[in-house]
Protein chains: 2
Amino acid sequence: MTSLSIAEAAERTGLTAHTLRYYERDGLLLHSVDRAPSGHRRYTDEDLRWIQMVTRLRATGMPIRDVRRYAALVREGDGNEAERLALLLAHREVVERQLAEVTGHLRAIDHKIALYENKVAPAP
Amino acid sequence: MTSLSIAEAAERTGLTAHTLRYYERDGLLLHSVDRAPSGHRRYTDEDLRWIQMVTRLRATGMPIRDVRRYAALVREGDGNEAERLALLLAHREVVERQLAEVTGHLRAIDHKIALYENKVAPAP
DNA sequence: GCTTGACTTGGAGCGCACTCCAAGTCGGAC
DNA sequence: GTCCGACTTGGAGTGCGCTCCAAGTCAAGC
């Protein structure tokens, strides 16, 4: 079992050390990160796997407070899987709607781009 | 040519009256909106079309300052089409990368969802 | 003439998600 | 033993994009 410093964990997760501390303080992690005798944080593989899930939720636009709620459910342990599922399904729907919306807008922007391309370097 | 009050324009564009004033103040529109003799804003169809473009750019994540730059280019008039095109193409690329990233994360979240679905209501 | 409601303004305030600061601690190299 | 660099903390600060407030104006209805 490897165990990483906060700088290494930051590099591995693509977050900053600041953000890692912030997530921990804010209850987005499943528990306080282990400490070396010096008091420095030591991140386990399990920590990193969870942080990756948090990153996925954040990267798809889930607000911090919802991630916190999801983390709280997981922390509680077995028995609330239906609730976790509901949370993820609700998020999934939001993300899909957003993807569709953005895709639609992008298509419209593409039309604009095509107009400019014709103006700048007209098709023969 | 219809011309709408700020409340009507808000309804039509899906923005709030607050946001419409804010966009105008911040230079996101092509020019100051016309006024009725009372001083109230009157939005033309052309205004609404431009605001729709702004909305598309914003909804795809373009920062306010970039929208402002694009608006400035359009305001300048003919001759800078290549620059406008470059701005839109750059934005397009950002959006596509983002769409790909979000889609990837969503797929991973879907796996998690599938696990929970099996746990909550196991497949027969 | 008074009320009502939709608007006007400059400027302040807000929520989110970080991001940074100051002051301190620790372990290891020299 | 002292220097360095990586870390620690509580709390303050930042940037973005709105969002709201207070005080005022205007036109229409009664």
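Sequence lines set the chain letters: A, B, ... in the order given, protein chains first and strands last, and positions in each chain run from 1.
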Let me confirm one number: the CG-CD1 distance from B:Leu15 to B:Ile51, rounded to the nearest 0.5 Å. 7.0 Å

Starting from the 5' end of DNA chain C, give me the residue, A:Gly39 or A:Arg25, whose nearest nucleotide shows up first. A:Arg25

A:Asp34 CG - D:dT8 C1' separation (whole Å): 16 Å

DNA chain D nearest-nucleotide lookup for A:Ile6 and B:Tyr22: closer to the 5′ end is A:Ile6

So A:Arg41, base contact, sugar-phosphate only, or nothing? Heavy-atom distance under 4.0 Å. sugar-phosphate

Base, sugar-phosphate, or nothing: which does A:Ala7 touch, judged by heavy atoms less than 4.0 Å apart? sugar-phosphate

Phosphate-side-chain proximity, B:Arg21 and C:dG11, N/O vs OP1/OP2 below 4.0 Å: no

Can you measure B:His18 atom NE2 to C:dC7 atom P for me and round it to whole angstrom units? 12 Å

I need the NE2-P distance between B:His40 and D:dG24, as an integer number of Å. 16 Å

Between D:dT8, C:dC18, D:dT19, spot the one nearest the side chain of A:Thr19, thanks. C:dC18

Between CD of A:Glu24 and NE2 of A:His31, what distance do you get to the nearest 0.5 Å? 9.5 Å

Examine D:dC18: is either OP1 or OP2 under 4.0 Å from a nitrogen or oxygen in the side chain of B:Tyr23? Give yes or no. yes

Heavy-atom side-chain contact between B:Leu88 and A:Glu117 under 4.5 Å: no

Do other residues, nucleotides or ligands put more than 12 heavy atoms under 6.0 Å from the CZ atom of B:Arg68? yes

Atom CZ of B:Arg68 and atom P of D:dC18: how far apart are they, to the nearest Å? 12 Å

For atom CD of A:Glu8 and atom C1' of D:dG5, their distance in whole Å: 14 Å

Salt-bridge criterion met for B:Glu101 and B:Arg97 (N-O under 4.0 Å): no

From CG of A:Asp26 over to C1' of D:dG10, roughly how many Å is that when rounded to an integer? 14 Å

Rounded to the nearest angstrom, tell me the gap between atom CG in B:Leu20 and atom P in C:dC7. 11 Å

Rounded interatomic separation in angstrom, taking CG from A:Leu4 and C1' from D:dA6: 15 Å

Counting only side-chain N and O atoms of B:Arg58, is one of them less than 4.0 Å from OP1 or OP2 of D:dC18? yes

Within less than 4.0 Å of OP1 or OP2 of D:dT25, is there a side-chain N or O belonging to B:Ser38? no

Strictly below 4.0 Å: does B:Arg35 bring a side-chain N or O up to OP1 or OP2 of C:dT9? yes

Determine the contact category for A:Arg42: base if any of its heavy atoms lies under 4.0 Å from a base atom, sugar-phosphate if only primed atoms, P, OP1 or OP2 are that close, otherwise nothing. nothing

